[in-house]
Amino acid sequence: MSDDDTSRPDVSGPAAGVVTAALRRAIRLQSGAARRYVHKLREDHPDESPAQIRSRLDSLFLGAVTASGAAVGGTAAVPGIGTIIAFGAIGAESLVFLEAAAFYTLAVAEVHGVDVREGEHEELLVMTVMLGASGTAVLANAVGSGAGSASRASLASRVLRVPGLKEINSRMMHRFVRKFAVKRAGLALGKLAPAGLGAAIGGWGNRKLGRTVVDTADATFGAPPLSWPAG
């Protein structure tokens, strides 16, 4: 199914602006924090390999988004006011998920030694990881297959060598805005289920979305390096 399929909901105007601004804010807030956190993990666990630190990041991210989803879903169980409160909490929790995914993606980039401090690179990789398979497909098409050692590098590394990312980012942003809004809206309805069901659905749904983020990070960044760079 193509991106232009009219059967899919269109998200534009103010909604698109809100999601775009939220993404950029999340990256701005989490970029430095993600790098510092990886450095702290390395200091606290000096004998651990990049793969082990990456595993810690995976667990941290999945635990955080599962807990936030369950907490929001649980508010709908409060008699009389739960659903009203949950509507407001869902919007805030969606931003929490977005910031957590940005933090996780940028931390993984740090573990893999991929310097994404250029704003366009950060945006592109965060959107790719959050979009899942469709994001990696767009990115793979943009960087091309090439030949030689460059073609064997990860998608995340190869994108750093692509000049003029504005067009790619524009295409990815359109896809990201629509998919993020639709996925989160569908999950929101489940979180509003009463009698505590919302907590179970919220936690399960967020963990499922979180697992997609982790799996896509695997596809985008590839296997972690065997060791840390010297010095």
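Quick note: numbers below take in every heavy atom, side chains included, and nothing from hydrogens, waters or symmetry partners. Counting from 1, the numbers follow the sequence of the chain as shown.
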Do any N or O atoms from the side chain of S59 and from the backbone of R56 form a donor-acceptor pair under 3.5 angstrom? no
Donor-acceptor pairs under 3.5 angstrom involving side-chain atoms of residues 220-229: please list them, not counting sequence neighbours.
from: T220; atom 1: OG1; to: T216; atom 2: O; distance (Å): 2.8
from: W228; atom 1: NE1; to: E48; atom 2: O; distance (Å): 3.0

Working for side-chain contact (heavy atoms from CB on, under 4.5 Å), residues H121 and V114: CA-CA 10 Å; H121 292 130; V114 178; over 6 Å; no
According to side chain to side chain contact (heavy atoms under 4.5 Å, CB included), who are the partners of A137, at least two apart in sequence or on a separate chain? none
Which atom of A140 lies closest to which atom of L155, heavy atoms considered: CA-CD2, 3.6 Å
Verify, without hydrogens or angle tests, whether S55 (side chain) and A51 (backbone) share a donor-acceptor contact under 3.5 angstrom. no
Apply the test side-chain contact (heavy atoms from CB on, under 4.5 Å) to residues V65 and L209: give CA-CA distance (whole Å), side-chain angles for both, the deciding distance (0.1 Å), then the verdict. CA-CA 9 Å; V65 297; L209 290 179; over 6 Å; no
For S134, the side chain to side chain contact (heavy atoms under 4.5 Å, CB included) test, sequence neighbours excluded, returns L131, R175, K179
Close side-chain approach of T105 to Q30, heavy-atom, < 4.5 Å: no
Side chains of R35 and L106 in contact at under 4.5 Å (non-hydrogen atoms): no
Considering all heavy atoms of both residues, which atom of I53 and which atom of R42 are nearest to each other, and what is their separation? CD1-N, 4.5 Å
Checking side-chain contact (heavy atoms from CB on, under 4.5 Å) for the pair S31/E122: CA distance, chi angles, key distance, verdict? CA-CA 8 Å; S31 182; E122 289 181 328; 2.6 Å; yes
If we only count heavy atoms from C-beta on, is the D218 to R54 side-chain gap below 4.5 Å? yes
Using side chain to side chain contact (heavy atoms under 4.5 Å, CB included) as the criterion, list what pairs up with R24, not counting sequence neighbours. T20, E123, M173
Any M130 side-chain heavy atom under 4.5 Å of L98 side chain: yes
Would you mind listing every ring-ring contact (aromatic ring centres under 6.0 Å, His included) that reaches into residues 32-67, with sequence neighbours excluded? Y37-F103, F61-Y104
For a 4.5 angstrom cut-off between non-hydrogen side-chain atoms, does V214 reach V108? no
Under the rule for side chain to side chain contact (heavy atoms under 4.5 Å, CB included), what residues qualify as partners of R28, not counting sequence neighbours? R25
